[in-house]
Amino acid sequence: MLDKTYTPSEIEPRLYEGWERTGAFAADPNSNARPFTIMIPPPNVTGSLHMGHALTFTVQDTLIRWRRMQGRDVLWQPGTDHAGIATQMVVERLLAEQGVDRRDIGRDRFIERVWQWKAESGGTITRQLRRLGASLDWPRERFTMDDGLSTAVREVFVTLYRQGLIYRDRRLVNWDPKLQTAISDLEVESLEVKGSLWHIRYPIEGEAGRFITVATTRPETMLGDTAVAVHPDDARYTDLVGRFAILPLVGRRLPIVADDYSDPEKGTGAVKITPAHDFNDFAVGQRHSLPMPSILDRQARVALAEIADVLTPVQGVADPAFVRSLDGMDRNAARKAIVAELERLELLEKTEPHTHQVPHSDRGGVPIEPLLTTQWYCNAAVLAKPAIEAVETGKTVFVPQQWENTFFAWMRDIQPWCISRQLWWGHRIPAWYGPDGAVFVAYTAAEAQVAADAHYGRGGETLTQDEDVLDTWFSSGLWPFSTLGWPENTQELARYYPGDVLVTGFDIIFFWVARMMMQGIHFMGEVPFRTVYIHGLVRDERGQKMSKSKGNIIDPLELIDRYGADALRFTICALTGPGRDVKLGAARVESYRRFVTKLWNAARFCEMNGIRPDASFDPAHASLPLTRWILDAMNHAIEDASAALEAYRFDDYAAACYRFTWDTFCDWFVEFAKPVLMEGDSVAAHEVRGTAAYVLSSILR
RNA sequence: GGGCGGUUAGCUCAGCGGUAGAGCGUCUCGUUUACACCGAGAGGGCCGGCGGUUCGAAUCCGUCACCGCCCACCA
């Protein structure tokens, strides 16, 4: 007998364990049924379940269980992501607690330590997914750094390299001085910063008392200036073009160049050009063949090596001793010192308060530093073309469709993708260097050696492997096929690629969806999924973004403990409309918990009245108005619910289930059934029992 | 600067060309043996403003306002 009180915490784990143990979630590659595939967006192995996970996995599980009940051969592929930076940071923090720096123990031992951490703590998220009720095919669980997926990564890298789509290049990157690695454009976020705009007088060479004034928010970078640019049509400066200014402090002669980049409206209309520390300036530098000295090191400290030979004393303008005193100084301290020195030299015309957007590392939290380094790049523009076309021609469809615009906008203007990271945890780049710097890209060290021997015409040259690892998204971009055994030609690969639906949030359309489209099409010749369902963000009940600093985080596990996974899952469905964020608070879950309770009690009523599943019951033979009516209503409800799911309308789906269960079944059918059931053993009572059991089981499904 | 989304009952939202809907909350009534985490019923909205198209507009078009987000930009 069902308990009087519904206690999900006693029921849900038992049911889940039973399902998992009996293989209820397993795909069957040998089945004749039509497959239905969803690849889980692999959560970070460091992760623990948050509301965003609860939303995305509830939506996925809803689709998965629905298709499974329709008889499809369902694969919901589980797994986790090695999450390069995030994981490395977690383990570094643990080491720091023991007073150990990763550099102390060296690369190999550090990586060993990360694997050890993963073995001990890496299973948190998958345990929590089970508590949510997610019906993933667990025995197929993969990890982006396991052997098979690492093979796929090497295969892709080597192939793209040989096709000329991966190359090394020396150009400006977004450098995170705290993590000391390059990061991609997507990992940079602009933050509004209240700073100053310093107007600095640069003396004109050979014309005592005349200056050209430049405005800058970053006076410390002036050490690396190699030109001043003015707009070609700017009459104020026409006579100065082609002449030289003297760079204060340093004494370098700076050509005054005409370039469209200079905006007469901004600042003074004359802009200092620091090619090695600003993306726009870099382009100007290339156009005018300017030197590009770096004056900051990888920790964003002043480094004078590249300008040491141009330091020139100039009376009242430049003092090499001062500049040398800056060597090794942090960029912020250097800024202060430089401003003070300019003031002392009376070269600071004025200082204005200035609010502007400053690019920050979205992980390290510090301002990024554009730095001139050699990195590996992927020619994304070439890979993007067929991906754009696939969406244009509807091979892949976004739901809601408006996200296609977002996808197109980014893909049509895609920049070279910097894929190397100066980290230890990740897929090490399969490139080896000879003593003269020649590059050998190969699957293994041994193959690289063979290539090197051929190249040098002799054996035995010592090769050194590239120290860098690949961007995490490089490997997760392969997820739709690497998890299925590619580059092996597996039965799974043939059967479950392409996937049916990808479910994710708009925040990773660029990071992940775009990369899967590009790499999937390139290597599989076919889009990785037919539909991309984009859901919103989970916010708190007031519509605020959840964040640690605001203290408004809602823990889904707490909600599950208190109200049950079903209540949380139903709430999520009910609130998930198209293209809308989900505002969720405990009160909403509580109100839908009542729905689950209602259903529990309806089942209890059935049980008390001898209503049991009856295989011999045939709804086609129902004869009473009451039973014929409820069966008809049930079929309509099923139609509504199915149509809602076909259209990815989880809100409508929940509403259809809610309405039929509560209003139709409980409030009307059960009430009308009571007098009939009182009759005990009559033919009518028998039919009502059979119908009730039949309808209840349909509701449960 | 470019783009996207939103603005409908107290709250959260659906409806997107044919006389305003749901859930929650509110109010009234109800000690019916599944359920008070219940049942029956009620009240509540010039559908952000203005203009246009139409026999007819919350729904289509234009425009403005406010809220939120994305992309670009360290002069």
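This structure is a prediction, so every number in the text was calculated from the model and none was measured. Chain identifiers are assigned alphabetically (A, B, ...) following the order of the sequence lines, protein sequences preceding nucleic acid strands; residue numbering begins at 1 within each chain.
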Looking at [options], which one has an atom nearest to any side-chain atom of [X]?
| X | options | value |
| --- | --- | --- |
| A:Arg594 | B:rG25, B:rC35, B:rC69 | B:rG25 |
| A:Phe506 | B:rC69, B:rA14, B:rC37 | B:rC69 |
| A:Tyr658 | B:rU12, B:rG23, B:rA34 | B:rG23 |
| A:Trp662 | B:rC73, B:rA14, B:rG39 | B:rG39 |
| A:Asp652 | B:rC38, B:rA14, B:rC71 | B:rA14 |
| A:Ser591 | B:rC37, B:rC24, B:rU12 | B:rC24 |
| A:Phe510 | B:rA40, B:rA14, B:rC70 | B:rC70 |
| A:Leu197 | B:rA75, B:rA34, B:rC37 | B:rA75 |
| A:Val670 | B:rA75, B:rU12, B:rA34 | B:rA34 |

Selection [range] - residue pairs positive for salt bridge (Lys or Arg N to Asp or Glu O under 4.0 Å), sequence neighbours left out:
| range | value |
| --- | --- |
| residues 266-275 of chain A | A:Asp225-A:Lys272 |
| residues 176-186 of chain A | none |
| residues 355-370 of chain A | A:Arg218-A:Glu369, A:Arg331-A:Glu369 |

**Study point:** Whether over 12 other heavy atoms sit under 6.0 Å from A:Glu679 CD
**Key:** yes

Practice item. Look at atom CZ of A:Phe672 and say whether more than 12 heavy atoms of other residues, nucleotides or ligands are closer to it than 6.0 Å. Key: no

Practice item. Without swapping roles, check the side chain of A:Thr226 against the backbone of A:Pro291 for a donor-acceptor pair under 3.5 Å. Key: yes

Without decimals, in angstroms, what is the distance between [X] [atom1] and [N] [atom2]?
| X | N | atom1 | atom2 | answer |
| --- | --- | --- | --- | --- |
| A:Asp651 | B:rG15 | CG | P | 7 Å |
| A:Phe282 | B:rC73 | CZ | P | 15 Å |
| A:Arg604 | B:rC38 | CZ | C1' | 13 Å |
| A:Asp3 | B:rC37 | CG | P | 17 Å |
| A:Asp663 | B:rA40 | CG | P | 8 Å |
| A:Met608 | B:rU33 | CE | P | 11 Å |
| A:Leu186 | B:rC71 | CG | P | 8 Å |

[atom1]-based separation of [M] from [N] [nearest Å]:
| N | M | atom1 | value |
| --- | --- | --- | --- |
| B:rG23 | B:rC66 | P | 36 Å |
| B:rU54 | B:rC69 | P | 40 Å |
| B:rG39 | B:rG21 | C1' | 23 Å |
| B:rA14 | B:rG5 | P | 14 Å |
| B:rU28 | B:rG43 | P | 15 Å |
| B:rU19 | B:rU59 | C1' | 14 Å |
| B:rA57 | B:rC46 | C1' | 14 Å |
| B:rG6 | B:rG49 | C1' | 16 Å |

Review point. Reading nucleotides 3-8 of chain B 5' to 3', which nucleotides get B (base under 4.0 Å from a protein heavy atom), which S (sugar-phosphate only), which -?
Key: --SSS-

It should be established whether [X] places a side-chain nitrogen or oxygen under 4.0 Å from OP1 or OP2 of nucleotide [N].
| X | N | answer |
| --- | --- | --- |
| A:His354 | B:rA75 | yes |
| A:Arg588 | B:rU12 | no |
| A:Arg649 | B:rG15 | yes |
| A:His356 | B:rA75 | yes |
| A:Lys4 | B:rC37 | no |

Review point. Could you go step by step and tell me if A:Trp403 and A:Phe398 meet the ring-ring contact (aromatic ring centres under 6.0 Å, His included) rule?
Key: CA-CA 6 Å; A:Trp403 290 111; A:Phe398 279 73; 8.5 Å; no

**Study point:** A:Tyr658 vs A:Phe595, ring-ring contact (aromatic ring centres under 6.0 Å, His included): CA-CA, chis, key distance, verdict
**Key:** CA-CA 7 Å; A:Tyr658 190 102; A:Phe595 172 71; 5.0 Å; yes

Residues which pass side chain to side chain donor-acceptor pair (under 3.5 Å) with [X], listed by chain and number, not counting sequence neighbours:
| X | answer |
| --- | --- |
| A:Arg287 | A:Asp259 |
| A:Asp561 | A:Arg131 |
| A:Arg243 | A:Glu207 |
| A:Asp330 | A:Asn332 |

Taking donor-acceptor contacts at under 3.5 Å, does the side chain of [X] reach the base of [N]?
| X | N | value |
| --- | --- | --- |
| A:Lys598 | B:rC35 | yes |
| A:Ser190 | B:rC71 | no |
| A:Glu671 | B:rA34 | yes |

Review point. Which residues satisfy the side chain to side chain contact (heavy atoms under 4.5 Å, CB included) test with A:Ala644, sequence neighbours excluded?
Key: A:Arg649, A:Asp652, A:Tyr653

Nucleotides 26-32 of chain B: which of its N/O atoms have a protein N/O under 3.5 Å away?
none

Exercise answer: donor-acceptor pairs, residues 345-355 of chain A side-chain atoms, under 3.5 Å, sequence neighbours excluded:
from	atom 1	to	atom 2	distance (Å)
A:Glu349	OE1	A:Thr213	OG1	2.9
A:Glu352	OE1	A:His199	NE2	3.1

Exercise for review: Would you mind telling me which residue lines up with the more 5' stretch of RNA chain B, A:Trp668 or A:Asp278, judged by nearest nucleotide?
Suggested key: A:Trp668

Review point. If each of A:Cys666 and A:Arg659 is mapped to the nucleotide of RNA chain B with the nearest heavy atom, which maps nearer the 5' terminus, i.e. the 5' end?
Key: A:Arg659

Study note, to complete from the structure: Symbol by symbol from the 5' end, with Watson-Crick or G-U pairs under 3.5 Å, [ ] crossing and | another strand, RNA chain B is ((((((((.[[[[.)..(..]]]].(((((.......))))).....[[[[[..)....]]]]])))))))....

**Study point:** Sole candidate of A:Val582, A:Thr56, A:Ile554 that passes side-chain contact (heavy atoms from CB on, under 4.5 Å) when paired with A:Met51
**Key:** A:Ile554

